[in-house]
Peer 1: 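Sharing a structure below in C-alpha cells format, with a few things to ask.
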Number of protein chains: 2
Amino acid sequence: MEVKLASSYGFCFGVKRAIEIAQKHKNSATMGPLIHNQKEIGRLKDDYNVGLYENLDDVQVDDTVIIRTHGIPKNDLKELKQKDAKVINATCPFVTTPQQIVKNMSSEGYSILIFGDENHPEVKGVQSYCDDDVHVILEPDELKNITFKYDKIATVAQTTRKKEKYLEIVNHLILRNKEVRVFNTICDATFENQDAARDLSKEVDIMIVIGGKNSSNTKQLLTICEENTTSYLIEDEKELNYTWFENKNICGITAGASTPDWIIQNVVNEIERI
Amino acid sequence: MEVKLASSYGFCFGVKRAIEIAQKHKNSATMGPLIHNQKEIGRLKDDYNVGLYENLDDVQVDDTVIIRTHGIPKNDLKELKQKDAKVINATCPFVTTPQQIVKNMSSEGYSILIFGDENHPEVKGVQSYCDDDVHVILEPDELKNITFKYDKIATVAQTTRKKEKYLEIVNHLILRNKEVRVFNTICDATFENQDAARDLSKEVDIMIVIGGKNSSNTKQLLTICEENTTSYLIEDEKELNYTWFENKNICGITAGASTPDWIIQNVVNEIERI
C-alpha cells in the first residue's frame with residue numbers, strides 16, 4: 001500500500017511546548033490530562049514519571065503540578081497556589097490569551113460571549129475568568145435565548161473552532177448591539193492541518209486519521225476527510241483493519257494536534273506492510 | 001390619481017432636532033448647509049433669518065454659529081471657538097457618537113476604519129477626530145490596499161450606510177486582525193424609511209421620491225424603489241411631469257430624511273389633482 005502524509009499534520013505549537021515542559025519536570029504530575037492523547041500520556045508516565053492528578057485534593061505540599069495545555073479554571077489555579085505546590089503552567093499561550101481577554105473585558109464592563117463547547121476543558125477554563133456576565137454558545141440560533149446584561153459585548157472563540165461559524169455569530173451580535181469587541185482567538189494550526197487533510201483526501205482511496213477519540217480537532221479532521229473519501233479514525237496501529245484496504249491503492253494519513261510522531265510512524269510502517 | 005404615503009418617510013430625529021434648534025436662534029447662520037435640503041434652508045432664511053457661512057473667515061466675533069447636522073471637522077470647531085463666536089451644536093447625536101468613538105479609540109492606540117464616503121461631510125467630520133491612523137472605504141475590496149499601523153482595529157460606519165456591506169467589511173477585518181472593535185453606528189431611521197419605501201413600491205404603479213438631489217439617503221430610496229417600479233426623484237412639486245402618470249392608477253410617495261413635511265404636502269396635493 002502506498003502511503004501519503006498530509007502536508008501538515010500532528011502536533012501544534014502548544015502541544016509540543018507542553019510535552020517539552022513535562023519532559024523537563026520528571027516526577028511531577030499534571031492537573032487533568034496534559035493533552036488529549038492517552039498513549040502520549042502513557043509514554044510521559046513510563047519515561048519521565050509524569051503522573052496525573054484526578055482532582056485537586058490529591059495535590060500535596062511541595063508537589064510539582066503541571067497545568068494542562070487546555071488550561072484549568074481560575075479558582076482551581078488559585079487553590080493550587082494556596083496549597084504551596086510548585087505550579088508549572090503548560091497552558092497553551094493561545095489559550096491563555098482568551099482567558100486574559102475575558103478577565104479584562106469583564107472587568108471593563110463588557111458582557112462576554114464565548115463561541116465554543118461549554119463542556120470542553122479549554123472553554124470551562126476561559127469562562128472561569130469572567131466574574132460577571134458570560135455566555136457560551138455553539139450556534140447563532142442560541143443567541144435568541146440570551147439576554148446580555150450590558151450593551152457592550154466582547155467575544156472570544158475556542159481556539160479550534162471554525163471561523164465561518166464565528167463570523168455568523170459575530171454578525172448577529174453587531175446588528176443587535178452598540179459595540180461588539182471581536183477577538184479572533186482561533187488558532188491557525190488547526191486549519192493548516194484541516195486544509196492539508198482536505199486536499200490529500202481528494203487524491204487518495206482511503207484516509208486514516210490518527211488521534212484521540214475524545215480530541216475535538218481529531219474528530220473535525222475525520223469529518224473533513226469523510227466528505228471526500230472512505231475515512232477511519234484510529235488511536236494507534238493496533239486498530240487498523242486489513243479489510244479496509246482491499247482494492248485500495250493509495251492511503252492518505254493525517255493526525256490530530258495531540259498525536260505524537262512516534263504513533264504516526266508506527267501506523268505508517270504497518271500500512272506500508274499491507 | 002390615488003396617492004399612498006409610505007408608512008415611514010421624511011425627517012429623521014437628527015434633522016427635526018436641528019431645525020428646531022435653528023428656529024430657536026433667529027438671526028444666526030449655519031456652518032455649511034444645516035441639512036441636505038435647499039428649500040428648507042430657504043424657508044429658515046426667509047422666516048427666521050438663519051443664514052449660511054460659506055467659510056470660517058465669514059464668522060465674526062459674537063456671531064451665533066449653528067453646526068450642521070452632519071457635523072464639521074474638529075479643527076473647524078476649534079477655530080470657531082477661538083473666534084469667540086457663540087457656537088450652537090446641531091450635529092445629530094448619532095453623528096457625534098462616531099466622532100467621539102474615533103477620538104477615544106485613536107487615543108487608545110487603535111487603527112481606525114470608517115465605512116463611508118470620504119467626500120461626505122459627515123465622514124470628513126468623523127475622520128477628523130483621529131490624530132493617528134485612519135482609513136475610509138466603501139467596498140471590502142479596498143481593504144487590500146490598506147496597511148494598518150496597529151493590529152487592533154476600531155470600526156465605525158457612516159450613519160446612513162447599509163448594514164450588510166458593513167458586515168462584509170468587518171468580516172474581512174476579523175479574519176485578518178487580532179482584535180476588531182465594531183461599533184454599529186448605522187442609524188435605524190434611514191432603514192425604516194427604506195423598508196417602508198420597498199414595501200410600498202411593490203404595490204403601486206409609480207413611485208415619487210422627494211428629497212435633495214445631493215442627499216445620500218434620498219438617492220438610496222430612489223435606487224430601492226426603482227427595483228420594483230417606475231420611480232422619479234424630485235425636489236418639489238414643480239419638477240413633476242404629467243406624462244409620467246399616463247396609464248397609472250396609484251402613486252406611492254416617500255421622502256428623504258431631510259425633506260420637510262410642507263414640501264411633501266405640496267407634492268401630494270399636486271399629484272392628487274392629476
Side-chain angles (χ1 to χ4, degrees), chain A residues 93-115 140 143 148 150-159 161-192 194-195, chain B residues 93-115 140 143 148 150-159 161-192 194-195:
Chain A
F94 295 126
V95 174
T96 308
T97 299
Q99 288 175 347
Q100 293 307 308
I101 289 169
V102 165
K103 183 180 165 194
N104 295 336
M105 290 302 101
S106 177
S107 74
E108 287 184 30
Y110 286 79
S111 285
I112 308 293
L113 185 81
I114 302 171
F115 166 44
L143 281 172
F148 290 107
Y150 307 109
D151 61 358
K152 305 190 307 182
I153 318 289
T155 68
V156 296
Q158 188 178 349
T159 52
R161 289 283 148 192
K162 288 202 178 122
K163 291 174 183 178
E164 292 74 13
K165 184 76 86 177
Y166 190 36
L167 292 181
E168 265 187 66
I169 289 169
V170 164
N171 288 349
H172 271 77
L173 287 175
I174 292 170
L175 292 179
R176 283 159 193 76
N177 296 278
K178 275 166 61 176
E179 180 187 345
V180 183
R181 206 158 163 177
V182 185
F183 295 87
N184 185 354
T185 52
I186 294 174
C187 175
D188 281 332
T190 310
F191 300 98
E192 286 164 13
Q194 288 180 0
D195 290 345
Chain B
F94 296 126
V95 174
T96 308
T97 299
Q99 288 176 347
Q100 292 307 308
I101 290 170
V102 165
K103 183 180 166 194
N104 295 338
M105 291 303 101
S106 178
S107 73
E108 287 184 31
Y110 286 79
S111 285
I112 307 291
L113 185 80
I114 301 171
F115 165 46
L143 281 172
F148 291 106
Y150 306 108
D151 61 359
K152 304 190 307 181
I153 318 289
T155 68
V156 295
Q158 189 178 350
T159 52
R161 289 284 148 191
K162 289 206 178 116
K163 293 174 181 178
E164 293 74 14
K165 186 76 86 177
Y166 189 36
L167 292 181
E168 264 187 67
I169 290 169
V170 165
N171 288 348
H172 271 77
L173 287 174
I174 292 171
L175 292 178
R176 284 159 193 76
N177 296 278
K178 274 167 58 176
E179 179 187 345
V180 183
R181 205 157 163 176
V182 185
F183 295 88
N184 184 352
T185 53
I186 294 174
C187 175
D188 281 331
T190 310
F191 300 98
E192 286 164 14
Q194 287 181 0
D195 290 345

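Every chain is numbered from 1, with letters handed out A, B, ... down the list of sequences.
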Peer 1: Tell me which of these, L167(B), T155(B), V170(B), has more heavy-atom pairs under 4.5 Å with chain A than the rest.
Peer 2: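 Most pairs with chain A among the choices: L167(B).
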Peer 1: Write out, in numerical order, the residues from residues 99-113 of chain B with a heavy atom short of 4.5 Å from a heavy atom in chain A.
Peer 2: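 Residues in range: Y110(B).
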Peer 1: Suppose a student defines contact as a heavy atom less than 4.5 Å from any heavy atom of chain A. Which residues in residues 173-192 of chain B would they list?
Peer 2: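 At a heavy-atom separation under 4.5 Å, chain A is reached by I174(B), L175(B), N177(B), K178(B), E179(B), V180(B), R181(B), V182(B), F183(B), N184(B).
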Peer 1: Look up atom CG in N171(B) and atom CD in E164(A), then write down how far apart they are to the nearest 0.5 Å.
Peer 2: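 Answer rounded to 0.5 Å: 10.5 Å.
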Peer 1: For F94(B), what residues pass the ring-ring contact (aromatic ring centres under 6.0 Å, His included) criterion, not counting sequence neighbours?
Peer 2: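 F13(B).
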Peer 1: Is it true that atom NZ of K162(B) has more than 12 heavy atoms of other residues, nucleotides or ligands lying nearer than 6.0 Å?
Peer 2: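 At most 12 heavy atoms, drawn from other residues, nucleotides or ligands, come within 6.0 Å of this atom.
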Peer 1: For Y150(A), which residues count as a ring-ring contact (aromatic ring centres under 6.0 Å, His included) partner, sequence neighbours excluded?
Peer 2: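 Residues passing ring-ring contact (aromatic ring centres under 6.0 Å, His included) with Y150(A): none at all.
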